[in-house]
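For reference, positions follow the sequence shown, starting with 1.
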Amino acid sequence: MGKPKLVTAQFGLNISHIPRLANLEQGGGSLMDLGIYNIQFAMLVFGNEMPEEIVTSCVKNEKGVDVTLGLILKYKSGGIAQLTSIISARIKSEAVVYCDNNGQFDIKSLTLPYPFWSTTELITPTGTLTFPLPPLAEKTTYPNGQGMRYEIDATRRSILAGKYRV
């Protein structure tokens with residue numbers, strides 16, 4: 001696929017009515033609630049490389065909580081992550097990786113369709129890969145929430161094995 005040159009990720013939901021999101025002390029705001037998924041995706045793509053430059057801009061509400069955030073991470077390797085999050089509107093939430101293919105900018109790189117933070121598909125130049133989630137008896141709050149089952153099961157096993165105490 002080539003070397004990652006540009007990562008774009010945008011994540012927006014109309015969730016500003018949730019009281020916790022209006023409180024900075026409770027981790028409210030666009031960055032802490034949604035933007036962190038964008039940052040995690042950029043970290044996945046660029047590996048252990050830390051950004052050498054970070055540029056941000058945000059729109060805050062009357063309580064000082066960031067409602068909309070624009071974030072650019074510049075990497076020494078020549079890559080850039082362009083990340084957007086918003087908690088007052090549902091936007092097209094997806095992530096795309098654009099790669100340098102021997103000097104050519106490949107716009108058909110990798111796409112994680114909505115909901116990219118818990119997607120079950122990866123769109124590549126050669127086709128779409130599908131990763132089904134286990135069925136659940138009850139509906140989850142967020143799309144593909146049953147994907148958290150793996151983390152929950154691993155945490156439970158660690159607690160039962162005495163590796164962690166509650």
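Under the rule for a side chain to side chain contact (heavy atoms under 4.5 Å, CB included), the partners of Ser16 that lie at least two apart in sequence or sit in another chain are Asn14, Ile87, Ser88. For Thr128, the side chain to side chain contact (heavy atoms under 4.5 Å, CB included) partners are Glu121, Ile123, Thr130, not counting sequence neighbours. Val59 is linked by a side chain to side chain contact (heavy atoms under 4.5 Å, CB included) to Thr68, counting only residues two or more places apart in sequence or in another chain. Not counting sequence neighbours, the partners of Thr126 by the side-chain hydrogen bond (donor to acceptor under 3.5 Å, both in side chains) test are Thr124. With sequence neighbours excluded, the residues that form a side-chain hydrogen bond (donor to acceptor under 3.5 Å, both in side chains) with Asp33 are Arg20. Applying the side chain to side chain contact (heavy atoms under 4.5 Å, CB included) rule to Arg156 yields the partners Leu160; only residues at least two apart in sequence or on another chain are considered. Considering only residues two or more places apart in sequence or on other chains, Glu49 meets the side-chain hydrogen bond (donor to acceptor under 3.5 Å, both in side chains) condition with Ser77.
Considering all non-hydrogen atoms of both residues, Glu53 and Val55 come closest at OE2-CG2, 3.8 Å. Heavy atoms only, all atoms of each residue included: Asn38 and Thr84 are closest at ND2-O, 2.8 Å. Residues Lys92 and Gln10 come closest through the heavy atom pair O-CG, 3.0 Å. Of all heavy-atom pairs spanning Leu21 and Ile15, the tightest one is CD1-O, 2.9 Å. Shortest non-hydrogen contact noted between Lys60 and Gly64 is CD-O, 3.5 Å. Shown here for Gly12 and Ser93, the closest heavy-atom pair between the two residues is N-OG, 3.0 Å.
Under a 4.5 Å side-chain heavy-atom cut-off, the cluster of Ile, Leu, Val, Met, Phe, Trp and Tyr residues that includes Met32 has no other member. The other residues sharing a hydrophobic cluster with Ile91 are Ile86, where clustering joins ILVMFWY side chains under 4.5 Å apart. Residues Leu24 make up the rest of the hydrophobic cluster containing Val65, defined by ILVMFWY side-chain heavy atoms closer than 4.5 Å, directly or through other members.
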Practice prompt. Take Phe11 and Leu83 through the test side chain to side chain contact (heavy atoms under 4.5 Å, CB included) and record every step on the way to the result.
Written response: CA-CA 8 Å; Phe11 188 3; Leu83 314 172; over 6 Å; no
Worksheet entry | Working for side chain to side chain contact (heavy atoms under 4.5 Å, CB included), residues Val67 and Ser30 | CA-CA 5 Å; Val67 177; Ser30 178; 5.8 Å; no
Practice prompt. Verify side chain to side chain contact (heavy atoms under 4.5 Å, CB included) between Leu71 and Ile39, making sure each step is shown before the conclusion.
Written response: CA-CA 9 Å; Leu71 174 63; Ile39 294 169; 3.7 Å; yes
Practice prompt. Assess whether side chain to side chain contact (heavy atoms under 4.5 Å, CB included) is satisfied between Arg157 and Thr155, documenting all intermediate values.
Written response: CA-CA 5 Å; Arg157 283 192 303 274; Thr155 302; over 6 Å; no
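Tracing side-chain contacts under 4.5 Å through hydrophobic residues (I, L, V, M, F, W, Y), one never reaches Leu31 starting from Met50; they form parts of separate clusters.
Between Phe41 atom CZ and Thr8 atom OG1 the span is 8.0 Å, to the nearest 0.5 Å. We find the CG-CZ distance between Leu122 and Phe131 to be 6.0 Å, quoted to the nearest 0.5 Å.
Judged as a ring pair (Phe, Tyr, Trp, His ring centres under 6.0 Å), the pairs with a partner in residues 55-95 (not counting sequence neighbours) are, in order, Phe46-Tyr75. Applying the salt bridge (Lys or Arg N to Asp or Glu O under 4.0 Å) rule to pairs touching residues 34-47 yields nothing, sequence neighbours excluded.
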